[in-house]
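By convention here, the first residue in the shown sequence is residue 1.
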Amino acid sequence: MNFTEIDSCFGSNKRDIGYEKLKSAYEKGDHSPEVLWRLAQFCHEKSTISPKAKRIAYIYEGIKYAEEGMKTDPTHFKSKIEMGNKFKSLLDKAITMQPNDYVLLHLRARYKFTVASLTWLERKLASTFYATVPTHTFEEALEDFLACYKIEPKWIENFYYIAKTYVGLKDKENARKYLKIALEIQPQSDVEIDYIADCKALSHKL
């Protein structure tokens, strides 16, 4: 795929052409970070010019691509930063429209947690590619995780990340507190069973 040609479609009336070419590649199995972050960017652009009825659909579609991109290549710092910028922008828009959507709050918190967890070397390398490297703190991540908790107080995955964030803040007492709450919840799926195991493992380290 010619990404130079695709990139020329950004910010122009050819954005639909670029979007459709990437969507076709994605549907044929190309889920590379290079395809995913560009799809997220096109969804972001399309959401800014679409009627309200379609805007939220493009925002959610973009979030899907951005989240997949971060999972596909989480160790590649450039992919992480590039994808994260698109992800955060889309999440901010979606939360503005749906401020009580706890899943969106959790996803934004996860993004902030990831940025707060970047190593010094990752930040240094990223600064050679980007004029402004995103900066977030564990406190900012915690704010969104706790907002999610207030809306959905029995989400084991969210408790696990609340605890990890408190660990990042060197607050073991609160980390243990939220892990204890999580471990008292009956898991309802295989995913939740896995997070219960993660909570137990983290608890044993504290």
I need the Leu39 CG to His31 NE2 distance, nearest 0.5 Å.
9.5 Å
Linked, directly or transitively: Leu142 and Leu202 (ILVMFWY side chains, under 4.5 Å):
yes
Which pair of non-hydrogen atoms, one from Ala109 and one from Ala141, has the smallest distance, and what is that distance?
CB-O, 3.5 Å
Looking only at heavy atoms, which two atoms of His136 and Val115 are closest? And how far apart?
N-CG1, 3.5 Å
Would you please classify the geometry between the Tyr26 ring and the Tyr65 ring as parallel, tilted or perpendicular, with 30° and 60° separating the classes?
perpendicular
Before giving the answer on side-chain contact (heavy atoms from CB on, under 4.5 Å), spell out for Phe42 and Ile6 the whole-Å C-alpha distance, their side-chain angles and the decisive distance to 0.1 Å.
CA-CA 10 Å; Phe42 277 122; Ile6 294 292; 3.8 Å; yes
Which pairs, with at least one residue in residues 159-170 and sequence neighbours excluded, count as a side chain to side chain donor-acceptor pair (under 3.5 Å)?
Arg110-Tyr161
What pairs of donor and acceptor atoms, side-chain ones from residues 92-104 against any protein atom, are under 3.5 angstrom apart with sequence neighbours left out?
from   : atom 1 : to     : atom 2 : distance (Å)
Asp92  : OD1    : Lys88  : NZ     : 3.4
Asp92  : OD1    : Arg108 : NH1    : 3.1
Asp92  : OD2    : Lys88  : NZ     : 2.7
Lys93  : NZ     : Ser47  : OG     : 3.2
Thr96  : OG1    : Asp92  : O      : 2.8
Gln98  : NE2    : Tyr60  : OH     : 3.3
Asp101 : OD1    : Val103 : N      : 3.1
Asp101 : OD1    : Leu104 : N      : 3.2
Asp101 : OD2    : Tyr60  : OH     : 3.0

Using the rule that Ile, Leu, Val, Met, Phe, Trp and Tyr join whenever any side-chain heavy atoms are under 4.5 Å apart, tell me whether Ile162 and Leu183 fall into a single cluster.
yes
Indicate if Phe138 and Leu107 have the same hydrophobic cluster label, given that clusters are the connected sets of ILVMFWY residues with side-chain heavy-atom separations under 4.5 angstrom.
no
State which residues pass salt bridge (charged side-chain N to carboxylate O under 4.0 Å, His left out) with Glu5; sequence neighbours excluded, sorted by chain then number.
Lys21
Quick one, Asn158 with Phe145, criterion side-chain contact (heavy atoms from CB on, under 4.5 Å). Give me CA distance, side-chain angles, the key distance, then yes/no.
CA-CA 7 Å; Asn158 193 59; Phe145 281 132; 3.2 Å; yes
Can you measure from CG (Leu105) to OH (Tyr149) and round to the nearest 0.5 angstrom?
15.0 Å
Ignoring hydrogens, what is the shortest heavy-atom contact between Ser8 and Ser12? Give both atom names and the distance.
O-OG, 3.8 Å
Under a single-linkage definition using a 4.5 Å side-chain heavy-atom cutoff for Ile, Leu, Val, Met, Phe, Trp and Tyr, are Phe3 and Ile17 assigned to the same hydrophobic cluster?
no
Scanning both residues in full, the closest heavy-atom pair of Lys154 with Ile185 reads CA-CD1, 3.8 Å
Separation of Phe159 CZ from Glu152 CD (nearest 0.5 Å)
8.5 Å
Side chain to side chain donor-acceptor pair (under 3.5 Å) against Tyr19, all qualifying residues, sequence neighbours excluded:
Lys23, Glu61
State yes or no: do Ile196 and Trp155 share one hydrophobic cluster built from I, L, V, M, F, W and Y residues joined by side-chain heavy-atom distances below 4.5 Å, directly or via other members?
no
Closest non-hydrogen atom pair, Ile156 against Ala182:
CG1-O, 4.4 Å
Hydrophobic side-chain clustering at under 4.5 Å (ILVMFWY, transitive links): who's grouped with Ile193? Put none if nobody.
none
According to the side chain to side chain donor-acceptor pair (under 3.5 Å) rule, which pairs have a member within residues 196-206, sequence neighbours left out?
none
Just grab all the side chain to side chain donor-acceptor pair (under 3.5 Å) pairs involving residues 174-188, residues at least two apart or on different chains.
Asp171-Asn174, Lys180-Glu184
Sub-3.5 Å donor-acceptor pair from the side chain of Glu143 to the main-chain atoms of Glu140, do we have one?
no
Run the salt bridge (charged side-chain N to carboxylate O under 4.0 Å, His left out) test against Asp16 and tell me which residues pass, sequence neighbours left out.
Lys46
Salt bridge (charged side-chain N to carboxylate O under 4.0 Å, His left out) involving Glu45 - partner list, sequence neighbours excluded:
Arg15
Run the side chain to side chain donor-acceptor pair (under 3.5 Å) test against Glu192 and tell me which residues pass, sequence neighbours left out.
none
Under the side-chain contact (heavy atoms from CB on, under 4.5 Å) test, which residues partner Ser24, sequence neighbours left out?
Lys28
Minimum heavy-atom distance Asp30-Ser32, with the two atoms named
OD1-OG, 2.9 Å
Sequence neighbours excluded, the answer for side-chain contact (heavy atoms from CB on, under 4.5 Å) partners of Glu20 is none
